[in-house]
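Start at 1 with the first residue, then count along the sequence. In this text, all values refer to a predicted model and were calculated from it rather than measured experimentally.
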Amino acid sequence: MIQVDARGLSCPEPLLRTKEVLDEYPNEVVQTIVSDVNARENVKNLGLRRRKDVEVKQEGQDFYITIK
């Protein structure tokens, strides 16, 4: 699993970082950590648009979006 730590970053940076990893490693599981609700939705929707399974978990103030 490749982890993208995008906590504290404003959109579109978490989305762009996740997209870059998905483009480079299309068959890997990618988990992005964000601390913003808008970033959570944008990254989740990116995974869904690519027809991937997407899991979202919240731990404290952080959201863990796993794209498989």
Side-chain angles (χ1 to χ4, degrees):
M1 175 173 25
I2 299 171
Q3 196 169 68
V4 178
D5 188 347
R7 289 178 277 196
L9 298 177
S10 299
C11 279
E13 194 64 31
L15 178 69
L16 294 175
R17 288 186 181 196
T18 303
K19 181 183 179 306
E20 183 178 292
V21 172
L22 288 171
D23 288 346
E24 190 168 342
Y25 304 98
N27 297 318
E28 291 290 328
V29 174
V30 177
Q31 182 178 68
T32 301
I33 309 168
V34 299
S35 52
D36 177 77
V37 175
N38 291 327
R40 177 196 68 194
E41 289 303 306
N42 289 338
V43 172
K44 179 181 86 170
N45 289 334
L46 172 66
L48 294 174
R49 281 192 308 272
R50 291 180 179 228
R51 300 178 190 261
K52 303 276 190 177
D53 291 327
V54 179
E55 273 182 21
V56 179
K57 293 183 183 176
Q58 183 173 359
E59 291 185 20
Q61 299 296 320
D62 299 328
F63 300 98
Y64 291 75
I65 305 106
T66 305
I67 302 172
K68 302 176 188 177

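Note that the CG atom of L9 and the CZ atom of R17 stand 5.0 Å from one another [nearest 0.5 Å]. A distance of 5.5 Å separates CZ of R50 from NZ of K19, quoted to the nearest 0.5 Å. To the nearest 0.5 Å, atoms CZ (R7) and OH (Y64) are separated by 5.0 Å. Here CG of L22 is found 5.0 Å from CD1 of I67. Values are rounded to the nearest 0.5 Å.
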Exercise answer: donor-acceptor pairs, residues 31-38 side-chain atoms, under 3.5 Å, sequence neighbours excluded:
{"residue": "Q31", "atom": "OE1", "partner": "Q3", "partner atom": "NE2", "Å": "2.7"}
{"residue": "Q31", "atom": "NE2", "partner": "T66", "partner atom": "OG1", "Å": "3.1"}
{"residue": "T32", "atom": "OG1", "partner": "T18", "partner atom": "OG1", "Å": "2.8"}
{"residue": "S35", "atom": "OG", "partner": "G8", "partner atom": "N", "Å": "2.8"}
{"residue": "D36", "atom": "OD2", "partner": "N38", "partner atom": "N", "Å": "3.0"}
{"residue": "D36", "atom": "OD2", "partner": "A39", "partner atom": "N", "Å": "2.9"}

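Under the 4.5 Å side-chain heavy-atom criterion for ILVMFWY residues, a single connected hydrophobic cluster contains both V56 and V21. Under the 4.5 Å side-chain heavy-atom criterion for grouping Ile, Leu, Val, Met, Phe, Trp and Tyr, V43 is connected to L48 within one hydrophobic cluster. Following chains of ILVMFWY side-chain contacts shorter than 4.5 Å, one can reach V54 starting from Y25, so the two form part of one hydrophobic cluster. There is a path of hydrophobic side-chain contacts, each under 4.5 Å, that joins F63 to I2.
A salt bridge links K44 with E41: at least one charged nitrogen is closer than 4.0 Å to a carboxylate oxygen.
The local environment of CD in Q58 is crowded, with over 12 non-hydrogen atoms from other residues, nucleotides or ligands closer than 6.0 Å. Within a 6.0 Å sphere centred on NZ of K52, heavy atoms belonging to other residues, nucleotides or ligands number more than 12.
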